[in-house]
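Please read the structure below before turning to the comments.
The structure presented is a predicted model; accordingly, all values stated were derived computationally and were not measured. Note: hydrogens, waters and symmetry copies are ignored here, and every other heavy atom, side chains too, is used. To find a chain, count down the sequence lines: A is the first, B the second, and so on, and within it residues start at 1.
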Amino acid sequence: MSSNWVEVCAAEEIDEEDVIRFDHDGRTFAVYRSPEDEYFATDGLCTHEQIHLADGLVMDDIIECPKHNGRFNYKTGQAKGAPVCVNLRTYPVKVEDGSVFIAIS
Amino acid sequence: MDIVIVGAGECGARAAFALRERGFAGKVTLIGAEPHPPYERPPLSKDGLAGAEPPKYVAAVERYAEAGISVLTDASVASIDRERKAVVLAGGGAIRYDRLLLATGARPRSFPGVSDDARRIRMLRTHADAAAIRSALLPGSKLVIIGGGFIGLELAATARKLGAEVVLIEGLARVLSRGVPEEIAAVVADRHRREGVEILCGVRISEIHEDEGGAAVLLADGGRIAADLVVVGIGAVPNTELAAAAGLALDNGIAVDETLRTSDPDIFAAGDCCSFPLSHYGGRRVRLEAWRNAQDQGTLAAANLLGAAEPITAVPWFWSDQYELTLQIAGIADGAETTVRRELGEDAFILFHLDGNGRLIAASGVGPGNAVARDIRLAEMLIAAGARPDPAALASPDTKLKKLLAA
């Protein structure tokens, strides 16, 4: 199985404990930088009402949807309880030469 | 142990699942008066009005069976027998409980003199109400909305999207006078006027009646406004009849303590139907009609039905969607002495409300999409922490609120 690495942005463009939106080829993703300075990526829309998660708040390893406070662990994609019950899909991330790449399969 | 929950809305459903999430293995019965399994009410005045069928369920129907929650729909509770510890259903059946949760919600306040059977004068609470209103909102039809609160304004926006003409009548001097600052209400009212909604404030209504093919609103000044449909959105009243008949203490709703317990130690109440002391605001007693509160209290009630005795710590939080605008409010601004405005780019801003001691007590924001969401969420956390943030820092968009929280 081949993966398809796509460049997102310069690593420093995402603040620590924050998230940005990344649109590519008709799809939307959320790309995170954790408080431990690691990078992660998930689908960009909340599984409850299709809201862009990048407008939400990152706290430790949780992303909270800006609309109705649905919470996910952005490292694993796991839904953390009502109103969200469907997990987020996650994507592999790498940082090379100061840029963030995600693998969109 | 058997737990019975009366009221199958957001709050009751959330409580039922939260009992299982906490490992409760006894019997759970959820009793609802409507024909549907629990569904989300917020969409009914928004996109959900425009034809969602079935309604957006709180949880997929099969999840109740998977969780061992027995759901009785179309079931009306006649009384609570506290001696026998049983809920008596209309028709005579009884369901025994060890612990009971009342999540009976609220119902729209009706306009004096208007019959519940009126077809051209409606209120909006249930999926059936939304469907009836939707079917009357044809392009070019005329809708008159009574009441400039969240329900009335959201319905106005949705009706414009569907092509109906809209007149909104508010008795007070401005829309959203309950709990929304004037600056934000003005943004919302302007947005409606740009969309062609006619907003009449400070207008007294003497009568509403149905007539040939429609309805008419008669104004105290002698004016008359004809409509194809009138929708009344003038607030809600808590459903306290069961609690009252059972002799439970009431106080603008079913009175509960800080753990959601009623005056009967085996009976709890949560959501729109109950009033409770709000610890962040000196223990003042409030009743909230809000989706988030219904969820939070449902979850807390589950813990306390099982003996956790945890107090309410949530900060009140509301939102509304109208056109592309979203309004979010955290906290209660009554008693604010200082208000600080933070600009968040194009057409979005937040007002922070501080009390006389400099403590942040509320934040109200409006803007397109989710422009204000992150900062309102952080404000909510600052309020919960009892923070006294520097007003200059709140006003400066360059100061990250997250930094204030860490301070």
Q: Could you tell me which portion of A:V19 (side chain, backbone, both or neither) has an atom closer than 4.5 angstrom to a non-hydrogen atom of chain B?
A: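 For A:V19, the contact with chain B is made by backbone and side chain together.
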**Q.** Which portion of A:E17 sits near chain B, non-hydrogen atoms under 4.5 angstrom
**A.**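 Looking at A:E17, backbone and side chain both touch chain B.
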Residue [X] versus chain A: region with a heavy atom under 4.5 Å:
{"X": "B:E21", "value": "neither"}
{"X": "B:R374", "value": "both"}
{"X": "B:D375", "value": "neither"}
{"X": "B:T299", "value": "neither"}

Kindly check if the number of other-residue, nucleotide or ligand heavy atoms within 6.0 Å of [atom1] ([X]) is above 12?
{"X": "A:E16", "atom1": "CD", "answer": "yes"}
{"X": "A:K94", "atom1": "NZ", "answer": "yes"}
{"X": "A:D97", "atom1": "CG", "answer": "no"}
{"X": "B:E346", "atom1": "CD", "answer": "no"}

Would a 4.5 Å heavy-atom cut-off, applied to side chains only, mark [X] and [Y] as touching?
{"X": "A:E49", "Y": "B:D47", "result": "no"}
{"X": "A:P83", "Y": "B:W291", "result": "yes"}
{"X": "A:C85", "Y": "B:R63", "result": "yes"}
{"X": "A:M59", "Y": "B:M381", "result": "yes"}
{"X": "B:E40", "Y": "A:H68", "result": "no"}

**Q.** Option that, when pairs with chain A are counted at under 4.5 Å, heavy atom only, ranks first among B:V372, B:V58, B:D321
**A.**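 Of the options given, most contacts go to B:D321.
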Q: Applying side chain to side chain contact (heavy atoms under 4.5 Å, CB included) between B:K402 and each of A:L57, A:D18, A:D15, report the one that passes.
A: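 Only one option passes, and that is A:L57.
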